[in-house]
Amino acid sequence: MLVTSALPKEGKSFTAANLAQVLVRQHGRRVLLIDADLRGPRLHLMLGTTSSPGLSDYLKGEKDEFSIMQRGPLESLFFIPSGHEIENPAELVANGRLRFLLQRVEPLFDWIIIDSPPQCRYRIRV
């Protein structure tokens, strides 16, 4: 599930984080929350963790999918933060590794929630 908004500061990160927490409370559900807003990451702040290593480090080929995954504040909630700041996130997201990441982790989770940038500045292909 991709969460985005038309404009910045419309509450998409808040919505994504709360949606993940509601879904994980369903009996036996495993949820992965991904902060794909590489220009303005906020989810790590909401969850009280660090932003790296994370998605950008994986997309650059520096980390594998399991080394960037963190346990969330609730059991069965997992989190991939945005990672280290990068100059051109659109190019990095378009390199095909995000699709590979989703294919690798999809069998492990009932829900994958992606917090994307406002106005979807770069296109996330799933």
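Below, all heavy atoms of this structure are taken into account, side chains as well, without hydrogens, waters or symmetry copies. Fair warning: this is a prediction, and the values are worked out from it, not measured in the lab.
Within the cation-pi definition used here (under 6.0 Å to the ring centroid, within 45° of the axis), Arg71 does not qualify as a partner of Phe79.
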Exercise. Could you walk me through whether Ser13 and Met46 pass the side chain to side chain contact (heavy atoms under 4.5 Å, CB included) test, one step at a time?
Key: CA-CA 9 Å; Ser13 297; Met46 292 178 181; 3.6 Å; yes
Quiz item: So Lys12 and Asp115, salt bridge (Lys or Arg N to Asp or Glu O under 4.0 Å) or not? Walk me through it.
Solution: CA-CA 7 Å; Lys12 65 177 183 50; Asp115 182 24; 3.0 Å; yes
Self-check item: side chain to side chain contact (heavy atoms under 4.5 Å, CB included) between Ile86 and Lys60, intermediate numbers included
Solution: CA-CA 10 Å; Ile86 54 173; Lys60 290 189 288 186; 4.0 Å; yes
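Residues Leu59 and Leu101 are not in side-chain contact: their nearest non-hydrogen atoms beyond the backbone lie 4.5 Å or more apart. Put simply, the side chain of Ile113 does not reach to within 4.5 Å of the side chain of Ile34, judged on heavy atoms. Leu55 has its side chain out of reach of Asp35: every pair of non-hydrogen atoms, C-beta onward, lies at least 4.5 Å apart. At a threshold of 4.5 Å between non-hydrogen side-chain atoms, the residues Thr50 and His44 do not count as touching. Side-chain atoms of Leu33 and Leu47, non-hydrogen and from C-beta on, do get closer than 4.5 Å to each other. Side-chain contact check for Arg29 versus Val24: every heavy-atom pair is 4.5 Å or farther apart. Considering only heavy atoms from C-beta on, Pro118 comes within 4.5 Å of Asp37 through its side chain.
When only modelled atom types and interatomic distance are considered, Asn18 and Gln21 share no side-chain donor-acceptor pair under 3.5 Å.
Glu75 CD to Arg30 CZ: the interatomic distance, rounded to the nearest 0.5 Å, is 9.5 Å. Atom CD of Glu65 and atom CZ of Phe100 lie 6.5 Å apart (nearest 0.5 Å).
More than 12 heavy atoms of other residues, nucleotides or ligands shown are found within 6.0 angstrom of CZ on Arg97.
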